[in-house]
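Heads up: the structure comes next, in structure tokens.
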Amino acid sequence: QVQLVESGGGLVQPGGSLRLSCAASGSSVRFVTMGWHRQAPGNQRELVASITSSGITNYADSVKGRFTISRDNAKNTVYLQMNSLKSEDTAVYYCNLARAFWGQGTQVTVSS
């Protein structure tokens, strides 16, 4: 059974940083595409960043240069480093495995 557990969300001021973690069990993050998505109130869920099994990364235009997705195969964990956060980054962030499995989400709030 695949389980994804996100952590690292919270309240941060504009310009600040957070690192989200997604710990996987039941499947290896090494051999599939992993993604981070987000959903703000009233909006559709959108892809923020993804990383393929070969390490190719992809980012939404709105986060390019600010967010970095990475993977630790030994810990079976995927990370999303978020820098220079803006109020419009406020959302629930979800981890996705192979476009099939989702975590429960972690809230990120950017506010002064």
Side-chain angles (χ1 to χ4, degrees):
Q1 182 179 357
V2 175
Q3 287 190 327
L4 303 172
V5 179
E6 300 103 331
S7 61
L11 173 63
V12 63
Q13 292 186 343
S17 298
L18 283 175
R19 188 177 80 155
L20 305 183
S21 300
C22 173
S25 59
S27 180
S28 173
V29 301
R30 181 176 185 177
F31 300 115
V32 296
T33 295
M34 298 294 299
W36 283 98
H37 295 68
R38 67 186 180 188
Q39 187 168 18
N43 291 357
Q44 291 187 334
R45 192 172 296 188
E46 61 175 354
L47 176 67
V48 175
S50 64
I51 182 167
T52 69
S53 57
S54 57
I56 297 172
T57 57
N58 181 54
Y59 297 93
D61 288 343
S62 58
V63 307
K64 282 181 181 177
R66 301 189 297 122
F67 290 11
T68 303
I69 188 171
S70 62
R71 182 178 62 210
D72 186 329
N73 295 333
K75 295 183 178 180
N76 211 32
T77 298
V78 175
Y79 303 97
L80 184 68
Q81 178 67 45
M82 306 186 295
N83 299 327
S84 302
L85 283 161
K86 305 175 181 180
S87 58
E88 50 262 44
D89 295 319
T90 295
V92 179
Y93 284 71
Y94 298 90
C95 179
N96 175 270
L97 185 148
R99 302 182 181 90
F101 300 94
W102 295 91
Q104 82 288 353
T106 185
Q107 176 71 47
V108 171
T109 302
V110 184
S111 175
S112 55

Quick check for you: to the nearest 0.5 Å, what is the distance between Thr90 atom OG1 and Gln107 atom CD?
7.5 Å
For Val63, what are the other residues in its hydrophobic cluster, where any two members join if their side-chain heavy atoms are less than 4.5 angstrom apart?
Val2, Leu4, Val12, Leu18, Leu20, Val29, Val32, Met34, Trp36, Val48, Ile51, Tyr59, Phe67, Ile69, Val78, Leu80, Met82, Leu85, Tyr93, Leu97, Phe101, Val108, Val110
Ion pair Lys64/Asp61, N-O distance below 4.0 Å:
yes
Would you indicate whether Gln44, at its atom CD, is surrounded by more than 12 heavy atoms from other residues, nucleotides or ligands within a distance under 6.0 Å?
no
Rounded to the nearest 0.5 Å, what separation is found between the CZ atom of Arg45 and the CZ atom of Arg38?
13.0 Å
For Asn83, enumerate each residue passing the side chain to side chain donor-acceptor pair (under 3.5 Å) test, keeping only those at least two apart in sequence or located in another chain.
Ser17, Gln81
Residue pair Ser111 / Thr109, side-chain donor-acceptor N/O under 3.5 Å:
no
Main-chain N/O of Cys95 paired with Glu6 side-chain donor or acceptor, under 3.5 Å:
yes
Which value, rounded to the nearest 0.5 Å, describes the distance between Arg99 atom CZ and Leu47 atom CG?
8.5 Å
Nearest 0.5 angstrom please: Asn96 CG to Cys22 SG, how far?
9.0 Å
Can a donor-acceptor pair be found, under 3.5 Å and without considering hydrogens, that links the side chain of Asn76 to the backbone of Ala24?
yes
Look at the side chain of Arg71 and the backbone N and O of Thr52, then say whether any donor-acceptor pair between them is shorter than 3.5 Å.
yes
Look only at the side chain of Arg66 and the backbone of Ser84, and say whether a donor-acceptor pair between them is shorter than 3.5 Å.
yes
Taking the hydrophobic residues Ile, Leu, Val, Met, Phe, Trp and Tyr, and joining any pair whose side-chain heavy atoms are under 4.5 Å apart, which ones share a cluster with Trp102?
Val92, Tyr94
